[in-house]
Amino acid sequence: MDRRGSLTKGMLPLLAIHAVSEYYRLPWKPPVTAALLGANTLIYLRPAFLRHILPSIDQVWFNPHLILKYRDLKRFLLSPFYHVSDSHLVYNMMSLLWKGIQLETSVGSVEFASMIAALLAMSQGITLLLARSLLLFFDYDKPFYSEYSAGFSGVLFAMKVVLNSQSESLTNVYGLVIPARHAAWAELILIQMFVPGVSFLGHLGGILAGILYLKLKRAYSGPDPLTLTIRTLTNVISWPLRFVRNLFQFRRGRISGRGSVGGRQTGRTMSGLWRCQACTYDNSSLLSVCEMCGTSRGARGLSSREFSSHSDDLTLEEIRLRRIERFG
């Protein structure tokens, strides 16, 4: 989370190039990570067609005092998706890209979406609870309870905890080589020391949310209700698309060129087609010679050895001319 920032021009094209290059080299493109990147960027850019829908950042700042006083869920839920500067957005989105690709690839899109929703709600809730507790027990009002913050970094800290929870390797955090599972704590302290205007409680709430999420996952072995809900909704939404795709695949069969190959049917005609007995290629009933191997329609076919020797008698030029004749 960030409370203030100066505009740094020219960084958004850098983010776009980096994101596209990362996704281009992936064999599987994680859709939830891409959706989160797009949503955060669109909200920051506020294009004309969204301006009358999206609230301004002044309406969604995370402020514990205003959230509790007015029960303002809009501030509670939307503030992570708002950023105050180009550098704030780019830094968070590059971190999201790296962590999101690894987590979504390892757990799957449905569980990753459930994880993000849970981490967002828990990090915001823990931050709110910490700010309220500091006010009640230590009378810390302005430093934490009344501060304004926004940004996705609280969720990113929670994702870092989850990602490094089982790691036994070392990692480099701003020049310090430490165990990866402690990287979030080191980054929390270093950022607070050297980066002005960041929300300490927001980052701390993210780390505690990641720890709580891991403990709940270990205590509950089955799939969580949120994952089941997201999976059910995904199946319901995607069912028409799957139905249409399966319908077209069924009608098309296994197509190669102008006919299909293989199958268990051995009849000579099938829906206006006849099957070559030499190579099992389905040809149009208008043809008298197989398009695949050149066997005549009435022939029983040659064995593989006979077919090979028959082909060896033809020169390359004769084969080329026959193909031109066959395919026009």
Side-chain angles (χ1 to χ4, degrees), residues 1-24 29-101 104 109 112-113 115-121 123-125 127-128 146-159 191 195-199 201-203 205-206 230 237:
M1 291 187 179
D2 202 326
R3 288 178 290 176
R4 63 189 180 91
S6 59
L7 292 176
T8 307
K9 301 299 181 184
M11 297 191 71
L12 291 182
L14 175 65
L15 171 62
I17 293 171
H18 181 70
V20 170
S21 63
E22 285 290 324
Y23 264 76
Y24 180 75
K29 318 309 188 213
V32 178
T33 300
L36 288 171
L37 287 168
N40 279 274
T41 305
L42 277 176
I43 289 174
Y44 177 74
L45 293 175
R46 293 179 64 84
F49 67 93
L50 289 178
R51 284 178 186 168
H52 65 286
I53 300 175
L54 295 174
S56 66
I57 192 170
D58 293 328
Q59 297 174 294
V60 298
W61 285 109
F62 185 88
N63 181 284
H65 170 67
L66 295 178
I67 291 174
L68 292 176
K69 182 177 180 179
Y70 299 107
R71 294 183 174 86
D72 194 345
L73 289 178
K74 181 171 60 179
R75 294 180 182 273
F76 184 87
L77 297 174
L78 295 183
S79 57
F81 298 98
Y82 282 73
H83 294 82
V84 298
S85 68
D86 286 13
S87 57
H88 187 206
L89 174 73
V90 171
Y91 182 84
N92 278 355
M93 291 304 99
M94 285 191 172
S95 179
L96 171 62
L97 180 66
W98 185 77
K99 296 179 179 70
I101 287 174
E104 188 171 357
S109 296
F112 178 70
M115 178 194 302
I116 293 298
L119 292 178
L120 188 149
S123 63
Q124 296 287 85
T127 303
L128 195 64
S146 300
E147 78 171 2
Y148 290 85
S149 59
F152 210 73
S153 53
V155 182
L156 293 174
F157 268 89
M159 292 171 65
I191 287 179
V195 181
V198 298
S199 172
L201 278 194
H203 294 170
I230 294 175
I237 294 171

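The structure presented is a predicted model; accordingly, all values stated were derived computationally and were not measured.
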Residue set satisfying ring-ring contact (aromatic ring centres under 6.0 Å, His included) with Tyr82, at least two apart, ordered chain then number -> none
Keeping to residues at least two apart or across chains, list the side-chain hydrogen bond (donor to acceptor under 3.5 Å, both in side chains) pairs with something in residues 45-55.
none
Does one side chain, of Tyr44 or Asp86, offer a donor that lies under 3.5 Å from an acceptor on the other?
yes
What are the two closest heavy atoms between Leu201 and Thr127, and how far apart are they?
O-OG1, 3.4 Å
Just by distance, do the side chain of Glu104 and the backbone of Phe112 share a donor-acceptor pair under 3.5 Å?
no
Look at the side chain of Glu22 and the backbone N and O of Ala19, then say whether any donor-acceptor pair between them is shorter than 3.5 Å.
no
Does the Ser95 side chain pair with the main chain of Tyr91, one donor and one acceptor, at a distance under 3.5 Å?
no
Within the 6.0 Å centroid threshold, strictly below: Tyr148 and Phe62:
no
With heavy-atom distances below 4.5 Å as the criterion, would you say the side chains of Met159 and Leu96 are in contact?
yes
Heavy-atom side-chain contact between Met11 and Leu15 under 4.5 Å:
no
As an exercise, state the distance from CG of Leu128 to OG of Ser123, rounded to the nearest 0.5 Å.
11.0 Å
Kindly give the heavy-atom pair with the smallest separation between Val32 and Ser109, and that separation in Å.
CG2-O, 3.6 Å
What's the separation between atom CD1 in Ile17 and atom CG in Leu12, rounded to the nearest 0.5 Å?
11.0 Å
Atom pair CD1 (Ile57) and CZ (Phe81), whose distance is rounded to the nearest 0.5 Å:
13.5 Å
Heavy-atom side-chain contact between Phe157 and Ile191 under 4.5 Å
yes
Hey, could you give me the CD/CG distance between Gln124 and Leu73, rounded to the nearest 0.5 Å?
11.0 Å
In terms of heavy-atom contacts, Asn63 and Leu66 come closest through OD1-N, 2.9 Å
Between Ser199 and Ser149 the two heavy atoms that sit nearest each other are CB-CB, 3.9 Å
Roughly how far, to the nearest 0.5 Å, is the CG atom of Leu97 from the CG atom of Leu36?
11.0 Å
Please examine the side chains of Leu78 and Ile43, heavy atoms only from C-beta on, and report whether any two atoms are closer than 4.5 Å.
no
Enter the distance from Asp72:CG to Gln59:CD here, rounded to the nearest 0.5 Å.
9.5 Å
Are the side chains of Trp98 and Leu156 in contact, using a 4.5 Å heavy-atom criterion?
no
Is the shortest side-chain heavy-atom distance between Phe152 and His83 below 4.5 Å?
yes
